[in-house]
Amino acid sequence: MDDFLDFLGIDKNSVSIYPLGDGHINDTYRINAPSGLYVIQRISKSIDIDAIEFNYDLYSRAFKNSLLKYPVWKELGRNRYHYTDSNGYNWRLYPYIDGDIPSYPLSNESLYACGQGLAELHNIFDTISEFPHAAYPHLHDINYYYMRYLDILSDQGNDFSLRNPEIENLISERIGNYTDSAYYTLDCVAIIHGDTKIANMLFDNKKVTAFLDMDTLMMGSRIEDIADCVRSCCIHDGCFDGISAKVLTEGYKSIYKKKAYDVDNYLSYALNKICFELALRYYTDYLSGNKVFKEKYPGYHFDRTISLLKKW
C-alpha cells in the first residue's frame, strides 16, 4: 500500500487506515485523509484489470441517470484507474460511500427493499447495449469448477488425507443436476452483478442506495443473481426462510420494468445451483494449496463446504 500512497502523494503518517468489509478475494481498506474519506482496494492478481476497466466504462455511463450510487474510481491516468505496485498488485481508490448494511435477520421491510434495489440495478443494466468482458474467467461456470475439482483429485502431489468421502459422494450425486442449463431462457440471460450478497448493498432510510463490488459484472442468469441475493439474506443458522425469500422476490417484481422472470418456479433450483457451485469451489480450495477464497480460520473452507451442500 505504501507504493500506492506515495503515487497518490499521500503522506501515510497523515492518514488513518482500517480494514473494511469481509471480501473473500480483494483486500479493502477505509482511509481517513485530511481531504476526506476514501476506500483503497488491492485487487487480486486473478482478476483481468483491462476487463474491469472496460466494464467500469459501461456501467458508469448507465448509472448517470440513476439515483443509485456506485464506487466512482479515481482516474490515475488517461482512462486508467489502477496503479501497479512493485509486487505486481493493482490498487485503486474511490470516495467512501456512506450507508448501512442491515443486521440479521432482515426485517420484511428491509427484504422487500433489498429486492427492489436489485431490480433497480437490473433496470440500469438493461440500458447497456454492449456486452461486458469477463473479468473473472469462468465465474458461475459450474462445468469449469467441476473439472478443476477433478484435476485436484487426480493430482498426486496433494494431501489425500484431507479428502472426505461423504462430501465427494454428494458432489458425484448432484453434479448432473447443475451441468444442464436448459432452464435458462433468453429472457433471463442478461447483464448481472454476479455477487449480489447483502454486504455489497448499502441502505439509507430503509432503501437500497448503493451497490458495491461491481468487478463481477458479466452475462449470466438474472434468476441466479436473485438467488445469490436470497442466499445471503434468507438463510439463518443453517435454515432457509422461504417466507423471507418470498418477500424479497415480491419486492423485486414490484420494480423490475421488463417482463418478470419465472422466479417462483426456478428460484429453488437456482439457489441450490449457486450453493453447490460455491461448495465445489470451497472444497477444491480446501484440498489444494492454492486458496482462491481467503481462509478466515483453520478449517474455514471445509466448514463452508458442509454448510453450502445443504439443499433448500
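Heads up: numbering here begins at 1 and tracks the sequence. Values below: every heavy atom of this structure, side chains too, minus hydrogens, waters and symmetry copies.
- A salt bridge between D141 and R148 is absent, with no side-chain N of the basic residue lying under 4.0 Å from a carboxylate O of the acidic one.
- Atoms OG and NZ, from S221 and K273 in turn, are 7.5 Å apart once rounded to the nearest 0.5 Å.
- Proximity of Y282 to D303: side-chain heavy atoms (C-beta onward) are nowhere separated by under 4.5 Å.
- Closest of all the heavy-atom pairs between D285 and F293 is OD2-N, 2.8 Å.
- When ring centroids are compared, H138 and Y144 come within the 6.0 Å threshold.
- Considering OG1 of T209 and CG of D204, their distance stands at 5.0 Å, rounded to 0.5 Å.
- R80 and E75 are not joined by a salt bridge, as no carboxylate oxygen comes within less than 4.0 angstrom of a charged side-chain nitrogen.
- L8 and L20 are not part of a single hydrophobic cluster, where members link through side-chain heavy atoms under 4.5 Å apart.
- Closest approach of Y136 to I47, counting heavy atoms only: OH-CD1, 3.0 Å.
- The cationic atom of K69 (NZ for Lys, CZ for Arg) does not lie both less than 6.0 Å from the six-membered ring centre of F211 and within 45° of the ring axis.
- Across every non-hydrogen atom of D3 and S86, the tightest pair is OD2-OG, 3.0 Å.
- Less than 6.0 angstrom separates the ring centroid of H122 from the ring centroid of Y252.
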Point to revise | Intermediate values then yes/no, side chain to side chain contact (heavy atoms under 4.5 Å, CB included), K311 and F276 | key: CA-CA 9 Å; K311 296 193 75 173; F276 182 84; over 6 Å; no

